[in-house]
Amino acid sequence: MKAHQLQLEEAAKRDHRRLGAELDLFSFPEEIGSGLAVFHPRGGIIRKVMEDYSRKRHEESGYEFVYSPHVTKANLFETSGHLEWYAEGMFPPLKLDEELDDDGNVKRQAQDYYLKPMNCPFHCLIYKSQARSYRDLPLRMFEFGTVYRYEKSGVLHGITRARGFTQDDAHLYVARESIEVELTNVLNFVLELLRDYGLTDFYLELSTKEEGNPKFVGDDDIWVEATQTLERVATNSGLQLVPDPGGAAFYGPKISVQAKDAIGRTWQMSTIQLDFNLPERFDLEYTAPDGTKQRPVMIHRALFGSIERFFGVLTEHYAGHFPPWLAPVQVVGVPVADEFSSYLHGIASELRAAGVRIQIDDSDERMQKKIRNHTMAKVPYMLIAGAEDQSQGAVSFRFRDGTQINGIPRSEAVARILKDIAEKVQV
RNA sequence: GCCGACCUGGCGCAAUUGGUAGCGCAUCGCACUUGUAAUGCGAGGGUUAGGGGUUCGAGUCCCCUGGUCGGCUCCA
């Protein structure tokens with residue numbers, strides 16, 4: 001009971017909505033609309049670093065980058081089936097190019113355009129843009145795709161549940177026989193990347209078909225095969241596997257990665273979803289070695305889910321104390337008095353040249369006040385310099401928890417900071 | 001979306017039974033030039049989410065719209 005109370009208090013302190021305002025990361029201006037966020041410079045830099053690193057890793061892992069528009073004619077979502085089973089989750093259509101005659105009757109029917117709630121149909125069109133060979137597979141398309149979903153007002157929750165958000169979305173088109181290899185790679189990739197962002201405690205959930213329910217598409221044999229494959233891959237990962245019978249989408253089974261945060265809460269992070277439906281609907285095929293036309297299987301996967309949501313989860317996981325590589329301002333230099341400012345600026349330019357986000361607090365506040373301000377801003381390192389440090393060519397560290405190390409030689413200080421950032425460690 | 005609560009300067013809060021908005025932080029200016037969580041003084045900034053109504057008079061009462069929060073349901 002008391003523990004529960006403490007847990008709630010801790011959660012409230014970490015609430016990303018609160019920290020988002022306190023740390024000036026993002027906001028939801030009423031003028032824009034419910035569930036639609038803007039990222040401020042400090043949140044923007046964190047997001048950029050997150051995205052940059054993700055892009056780099058995707059590039060290294062054989063993904064190709066694609067881009068698709070935010071709006072499309074209804075036709076595309078009719079083909080994909082989204083308008084049939086997902087329409088209430090979509091923003092209502094924009095009616096374009098309607099023409100009326102003099103009597104006000106419709107002369108030319110309006111064309112409906114929708115904001116996209118998903119990226120997959122676009123990627124399928126890219127797949128279809130040319131004849132595909134088995135040699136093209138697996139084809140891995142990645143996009144930071146911004147989508148819009150008309151979430152019910154009561155479910156909106158800061159940046160973790162919004163109406164506009166950006167998925168780190170990838171679709172892999174694979175031959176049926178290479179599903180296992182590809183899934184293994186994807187799962188490893190996902191886990192590795194999540195660990196880089198600081199989440200380390202995972203378990204997996206396997207969502208499977210509900211027996212006897214006719215809504216599921218695809219032959220039984222491919223379901224059985226795919227489900228067994230997913231299970232094998234999941235088991236081989238060595239992580240705990242929790243069954244979720246009946247939890248599969250109608251178009252395929254999935255594995256989801258559940259991560260525990262710093263205070264033990266579980267968040268569903270990445271999903272790896274097999275899809276037998278869209279390849280069918282878009283009539284996707286490739287030419288096999290024997291010359292026959294074959295249908296690829298699609299793997300949907302997002303490892304952040306959405307960047308915004310992941311951002312929110314990390315904010316709460318770290319309680320706003322982002323590790324140096326993600327922190328908006330990584331280092332603040334605080335001179336004991338004005339005369340030591342230029343000395344710190346010298347160190348700053350050295351760090352800045354190495355890509356470090358450092359500021360020198362030259363304001364005329366008192367030193368204690370500066371320390372207070374930057375502590376509350378959760379800056380990972382404060383470098384303080386006064387007469388003693390300057391005369392020794394050194395600098396003093398102050399960390400977020402209040403601990404300090406004085407008289408660190410300048411070169412050592414620089415090296416330490418660069419190393420921490422490069423290794424993505426928390427301090 | 002449903003049920004309930006709430007919405008006062010950038011942020012956090014005050015305003016007796018309805019009587020014409022205050023404080024702290026932040027901001028700006030001046031002075032202070034300081035060894036590890038808040039230097040002092042001064043100034044500017046709100047007509048109380050938006051609209052309508054009741055009233056001699058509304059931040060305080062009623063209605064509508066928007067937004068927020070909690071719960072339900074759902075989800076990335």
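The structure displayed is predicted, hence computed values, not measured ones. By convention in this document, chain letters (A, B, ...) are assigned in the order of the sequence lines, proteins followed by strands, and residues within each chain are numbered from 1.
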Audit row: A:Asp168, A:Ser54, side-chain hydrogen bond (donor to acceptor under 3.5 Å, both in side chains) steps and yes/no
CA-CA 9 Å; A:Asp168 61 325; A:Ser54 168; 5.0 Å; no
Does [N] have a Watson-Crick or wobble mate here (both distances under 3.5 Å), and if so which one?
| N | result |
| --- | --- |
| B:G1 | B:C72 |
| B:U36 | none |
| B:G22 | B:C13 |
| B:C6 | B:G67 |
| B:C61 | B:G53 |
| B:G42 | B:C28 |

Mind calculating the distance between [atom1] ([X]) and [atom2] ([N]) to the nearest angstrom?
| X | N | atom1 | atom2 | result |
| --- | --- | --- | --- | --- |
| A:Asp168 | B:A76 | CG | C1' | 9 Å |
| A:Tyr150 | B:A76 | OH | P | 19 Å |
| A:Phe340 | B:U34 | CZ | C1' | 10 Å |

Between [X] and [Y], is the gap from one ring center to the other below 6.0 Å?
| X | Y | answer |
| --- | --- | --- |
| A:Phe65 | A:Phe144 | no |
| A:Phe311 | A:Phe39 | yes |
| A:Tyr148 | A:Tyr114 | no |

Check: [X] side chain, [N] base, donor-acceptor under 3.5 Å:
| X | N | value |
| --- | --- | --- |
| A:Arg366 | B:C32 | yes |
| A:Glu31 | B:A49 | no |
| A:Gln368 | B:U36 | no |
| A:Ser153 | B:G67 | no |

Given RNA chain B, 5'-ward residue of the pair A:Gln390 and A:Arg149, judged by closest heavy atom:
A:Gln390
Between A:Arg309 and A:Arg17, which residue's closest nucleotide on RNA chain B lies nearer the 5′ terminus?
A:Arg17
Rounded distance in Å between the [atom1] positions of [N] and [M]:
| N | M | atom1 | value |
| --- | --- | --- | --- |
| B:A76 | B:A5 | P | 32 Å |
| B:C6 | B:C63 | P | 13 Å |
| B:C11 | B:G71 | P | 24 Å |
| B:C72 | B:A14 | P | 28 Å |
| B:A26 | B:A21 | P | 26 Å |
| B:G9 | B:G22 | P | 15 Å |
| B:G67 | B:U48 | C1' | 16 Å |
| B:G51 | B:C7 | C1' | 15 Å |

Given [options], identify the nucleotide with an atom nearest to the side chain of [X].
| X | options | answer |
| --- | --- | --- |
| A:Glu388 | B:U33, B:U39, B:G35 | B:G35 |
| A:Asp389 | B:U36, B:G35, B:G66 | B:G35 |
| A:Arg161 | B:G35, B:A76, B:A38 | B:A76 |

Can A:Phe165 be classed as stacking with the base of B:A76, given a centroid separation cut-off of 5.5 Å and a plane angle cut-off of 30°?
yes
Does this structure show an ion pair linking A:Arg416 with A:Asp420, if we count only N-O contacts that are shorter than 4.0 Å?
yes
Under the side-chain contact (heavy atoms from CB on, under 4.5 Å) criterion, do A:Thr375 and A:Arg398 qualify, and how do the steps go?
CA-CA 9 Å; A:Thr375 301; A:Arg398 183 189 164 103; 4.2 Å; yes
